[in-house]
There are 2 protein chains.
Amino acid sequence: MLRLTKRSEYGLMALAYLAARPGVYCSVREIVARLGTPRRLLAEVLKALSQAKVVEATRGPGGGYRLKRPAEELSLTLVISILEGPIQVARCASDNGCDFQDICTIQEGIGEVAAKIQTVLDAYTLADVVRARDEKLAGSSATIGAPQSRLAAEA
Amino acid sequence: MLRLTKRSEYGLMALAYLAARPGVYCSVREIVARLGTPRRLLAEVLKALSQAKVVEATRGPGGGYRLKRPAEELSLTLVISILEGPIQVARCASDNGCDFQDICTIQEGIGEVAAKIQTVLDAYTLADVVRARDEKLAGSSATIGAPQSRLAAEA
DNA sequence: TGAAAGAGCACTAGATAAGTGCTAAATATC
DNA sequence: GATATTTAGCACTTATCTAGTGCTCTTTCA
């Protein structure tokens, strides 16, 4: 249905939270208290992000998660593929190929569209997510500053 | 999972088929014979497209469906929203709003991304799908027998 | 009048997503 | 060293969405 899963949403929300507290370990308990997401589910999501080296974890009191890489380097493509598996807009465009192979009339077209969407997701980073939020918080008359990633420049 | 449903895939395949036979009524039986899609399901899809005035139908022998509007006017956004309902990349960005409202940290960012994806889908039409295929066919005489399951478009 | 074709209705099964419970292992603090 | 805190790991349940199908009615052409 061309929609992100809750895993991705929760993951991005948590990452945005961590991005606002660079270097500080934040526990799942703390994040959940703030975001209101289901606790166990967010724990799973962060575990996955930890295994993928996007965040790093320490255990014990005062432990938790923090970003392992700068927000500018974390594209939506990366985060989503970690939390949902590889992005494939249509089965047509997947490596497995579609069920119709030779006669599929839309393979190439969908492939083009999928590539364009992929480009959007590649270019949009966690830093952009944070920036978009900050601009909103700064007020509706917020000045559009310099984009933090390539994407914001193009249409 | 950020993926099109079979309904959309079948719908686009059928529309591409119809686009290649302008003005001619094509029956579900005929289209299915060519595309190999499940018959009843494609019938439902075409019915929905008919109700949405994208195609028009006549009954009886010699009847079937044909495009009601030129392929250039049929955006992916239109087709997908008819077959899957309104596109919403994340619940955040929907009219209903997300479950977290005020505290959602990614609402604005996801909204931006959703808008960009929307732009891609708005701009890409059935005519483009057909064109992409024709281009592939035109250049494939030398690569007959090459696996077509490979990702078609990289650009 | 009969065959062809869409229109309408409702259901089944499978896949994916969402969410939860419990236990083990690591680590800081007292 | 005991204890509380916190991540890690495992398996399961439930809900929702997706895919697919059967049957009958209505329209229309020959």
Side-chain angles (χ1 to χ4, degrees), chain A residues 1-11 13-14 18 24-33 35-66 68 80 83-88 90-91 96 98-100, chain B residues 1-11 13-14 18 24-33 35-66 68 80 83-88 90-91 96 98-100:
Chain A
M1 210 217 198
L2 213 51
R3 189 171 63 185
L4 294 179
T5 63
K6 288 283 187 190
R7 284 173 65 91
S8 289
E9 288 184 38
Y10 295 160
M13 287 169 72
L18 296 180
V24 179
Y25 285 104
C26 305
S27 71
V28 169
R29 179 178 304 272
E30 172 190 343
I31 301 173
V32 161
L35 300 181
T37 61
R39 189 187 132 274
R40 279 283 290 103
L41 192 49
L42 187 65
E44 277 214 347
V45 163
L46 281 167
K47 185 175 65 176
L49 291 172
S50 175
Q51 288 169 337
K53 312 264 199 254
V54 164
V55 299
E56 56 188 344
T58 59
R59 300 183 182 185
Y65 297 95
R66 69 179 181 190
K68 196 169 188 177
I80 293 171
L83 298 177
E84 317 189 0
I87 298 169
Q88 40 183 88
R91 296 156 185 82
N96 296 340
C98 73
D99 304 331
F100 305 98
Chain B
M1 212 217 199
L2 213 52
R3 190 171 62 187
L4 295 179
T5 63
K6 288 282 186 188
R7 283 174 65 91
S8 288
E9 289 185 35
Y10 295 161
M13 288 169 71
L18 295 180
V24 180
Y25 285 104
C26 305
S27 70
V28 169
R29 180 179 303 272
E30 172 190 343
I31 300 173
V32 161
L35 300 181
T37 61
R39 188 185 134 274
R40 279 284 291 102
L41 192 49
L42 187 65
E44 277 213 347
V45 164
L46 281 166
K47 184 174 66 176
L49 292 171
S50 175
Q51 288 170 335
K53 312 264 201 254
V54 164
V55 299
E56 56 188 344
T58 58
R59 300 183 182 184
Y65 296 95
R66 69 179 182 190
K68 195 170 188 177
I80 293 171
L83 298 177
E84 315 189 3
I87 297 170
Q88 39 183 89
R91 296 156 185 83
N96 298 340
C98 72
D99 305 330
F100 305 98

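Below, chains carry the letters A, B, ... as their sequence lines are ordered, and counting in each starts from 1. Predicted, not measured: the structure shown is a model, and the values here were computed from it.
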Value rounded to 0.5 Å, distance of NZ in B:Lys68 from CG in B:Leu49
12.5 Å
Roughly, in whole Å, what's the span from CD in B:Glu9 to P in D:dT18?
13 Å
Whichever of A:Gly62 and B:Arg39 has its nearest DNA chain D nucleotide further upstream toward 5'
A:Gly62
Pick base, sugar-phosphate or nothing for B:Gln51, based on heavy-atom distances below 4.0 Å to the nucleic acid.
sugar-phosphate
Tell me whether the OP1 or OP2 atom of D:dG20 has a side-chain N or O from B:Tyr10 closer than 4.0 Å.
yes
Distance check, rounded to the nearest 0.5 Å: A:Leu41 atom CG versus A:Lys6 atom NZ?
9.5 Å
Winner on side-chain proximity to B:Pro61, out of C:dA18, D:dC29, D:dA19, is D:dC29
Checking only heavy atoms, does the side chain of B:Arg59 share a donor-acceptor pair with the base of C:dA7 at less than 3.5 Å?
no
Regarding the side chain of B:Tyr65, the nearest nucleotide among C:dG6, D:dT6, C:dG19 is C:dG6
From C:dG8, D:dA8, C:dT20, pick the nucleotide closest to the side chain of B:Lys47?
C:dG8
The residue, B:Gly60 or B:Thr5, whose nearest nucleotide of DNA chain D is more 5′ is B:Thr5
Tell me which nucleotide among C:dA10, C:dT20, C:dT27 gets nearest to the side chain of B:Glu44.
C:dA10
Rounded to whole Å, CG of A:Leu42 lies from P of D:dT6 at a distance of 14 Å
Within the structure provided, determine whether B:Leu46 and B:Tyr10 are in side-chain contact (heavy-atom separation under 4.5 Å).
no
Distance check, rounded to the nearest 0.5 Å: A:Glu9 atom CD versus A:Thr37 atom OG1?
11.0 Å
Consider the side chain of A:Ser50, meaning its heavy atoms from C-beta on, and name the nucleotide among D:dT21, D:dA8, C:dG6 that approaches it most closely.
D:dA8
Can you tell me how far CD of A:Gln88 sits from CG of B:Leu4, rounded to the nearest 0.5 angstrom?
11.0 Å
Of the nucleotides D:dG9, D:dT6, D:dA19, which one has an atom closest to the side chain of B:Lys6?
D:dA19
If you only use heavy atoms from C-beta on, which nucleotide in C:dA18, D:dT7, C:dT16 is closest to the side chain of A:Ser27?
D:dT7
Hey, which sits more toward the 5' end of DNA chain C by its nearest nucleotide, A:Arg7 or A:Thr58?
A:Arg7
In this structure, how many angstroms lie between the C1' atom of C:dA5 and the OH atom of B:Tyr25, rounded?
13 Å
Rounded to the nearest angstrom, tell me the gap between atom CG in A:Leu41 and atom P in D:dT13.
18 Å
